[in-house]
Novice: 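Structure in structure tokens, see below.
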Amino acid sequence: QLQEIFVEKTNDNRILAVAKNLSLEEQAKENGRSVILVSKDALVRVKADAIGLQAEDFLSDRVVEVNHIYTGFLELYIGTEHLQRFYEKGELVLADIANHPFYPNQFIIMKDAFG
């Protein structure tokens, strides 16, 4: 059906066709994921919308506030008993010291909560 809509065999139309087919495959699955076409090209995004495909602008040229940039580390104030256990055993159970997720390759600066 996409061949009838996009008669020209351009690279943009091929990308749209692949994205639409992937979207249809995912919709057919019980736990399918949503498919989003990301492009700086406004015309491609308009065409995607015309065929019922979700499309977004690539946001690389947008200003990001410094406070929202991932630093790669977390400064964590923990109790003295946890620090002692870390120095004695060389390990800590993360669930014991924080109630939020940690990221792969993130490092933690542990500081004594009591100074």
Side-chain angles (χ1 to χ4, degrees):
Q1 92 197 43
L2 290 177
Q3 292 174 348
E4 296 169 4
I5 297 171
F6 300 126
V7 180
E8 299 173 15
K9 293 184 179 180
T10 65
N11 289 334
D12 287 349
N13 291 347
R14 289 181 181 138
I15 291 168
L16 286 164
V18 169
K20 182 63 177 178
N21 286 333
L22 179 60
S23 177
L24 293 172
E25 288 175 8
E26 289 296 319
Q27 287 174 3
K29 294 179 183 176
E30 187 174 320
N31 293 325
R33 296 177 156 191
S34 61
V35 175
I36 302 171
L37 178 71
V38 179
S39 176
K40 293 295 291 173
D41 189 332
L43 183 58
V44 169
R45 293 194 310 270
V46 169
K47 286 181 178 181
D49 186 50
I51 62 171
L53 185 62
Q54 187 177 352
E56 293 180 3
D57 188 5
F58 186 69
L59 303 176
S60 69
D61 59 348
R62 303 285 160 64
V63 176
V64 178
E65 292 184 30
V66 175
N67 296 341
H68 292 89
I69 296 175
Y70 175 63
T71 61
F73 73 92
L74 174 68
E75 195 169 291
L76 195 60
Y77 291 91
I78 63 175
T80 307
E81 68 280 356
H82 292 298
L83 278 175
Q84 284 298 331
R85 185 179 332 142
F86 178 73
Y87 285 121
E88 289 170 6
K89 296 184 179 183
E91 62 184 30
L92 279 175
V93 177
L94 295 178
D96 292 347
I97 62 171
N99 60 354
H100 56 78
F102 293 93
Y103 302 103
N105 301 317
Q106 179 181 30
F107 69 93
I108 313 269
I109 298 173
M110 294 183 294
K111 296 186 176 184
D112 190 345
F114 304 108

Novice: Nearest 0.5 Å, please: how far is CG in L74 from NE2 in H100?
Specialist: 4.5 Å
Novice: Report the C-alpha distance between L37 and R45 in whole Å, list the side-chain angles of each, state the deciding distance to 0.1 Å, and finish with yes or no for side-chain contact (heavy atoms from CB on, under 4.5 Å).
Specialist: CA-CA 8 Å; L37 178 71; R45 293 194 310 270; 5.9 Å; no
Novice: Could I get the full list of side chain to side chain donor-acceptor pair (under 3.5 Å) partners for T71, not counting sequence neighbours?
Specialist: none
Novice: Could you grab the distance from atom CG of L16 to atom CG of N21, nearest 0.5 Å is fine?
Specialist: 11.0 Å
Novice: Within this structure, what is the CG-NZ distance for the pair D57 and K40, rounded to the nearest 0.5 Å?
Specialist: 4.0 Å
Novice: Okay, side chain of Q106, backbone of Y103: is any donor-acceptor separation there less than 3.5 Å?
Specialist: yes
Novice: Please list, chain by chain and in numerical order, all residues satisfying side chain to side chain donor-acceptor pair (under 3.5 Å) with K29, sequence neighbours excluded.
Specialist: E26
Novice: Rounded to the nearest 0.5 Å, how far apart are CD1 of I108 and NZ of K111?
Specialist: 13.0 Å
Novice: Any side-chain heavy atom of R14 within less than 4.5 Å of one from V18?
Specialist: no
Novice: Which ILVMFWY residues are connected to L43, directly or by a chain of links, through side-chain heavy atoms under 4.5 Å apart?
Specialist: none
Novice: At their closest point, which heavy atom of Y77 faces which heavy atom of D112, and how far apart are they?
Specialist: CD2-O, 3.9 Å
Novice: Rounded to the nearest 0.5 Å, how far apart are CG of L92 and CG of L83?
Specialist: 7.5 Å
Novice: Looking only at heavy atoms, what is the nearest atom pair of A113 and G79, with distance?
Specialist: CB-N, 4.3 Å
Novice: Please round to the nearest 0.5 Å and tell me the distance separating atom CG of N13 and atom NZ of K9.
Specialist: 11.0 Å
Novice: If you take all heavy atoms of S23 and L53, which pair is closest and at what distance?
Specialist: CB-CD1, 3.8 Å
Novice: Hey, is D12 close enough to K47 for a salt bridge, meaning N to O under 4.0 Å?
Specialist: no
Novice: Got L76 and I97 here, is their nearest side-chain heavy-atom distance under 4.5 Å?
Specialist: yes
Novice: Among the clusters formed by ILVMFWY side chains lying less than 4.5 Å apart, do I78 and F107 turn up in the same one?
Specialist: no
Novice: Could you tell me whether F86 atom CZ has more than 12 heavy atoms of other residues or ligands within 6.0 Å of it?
Specialist: no
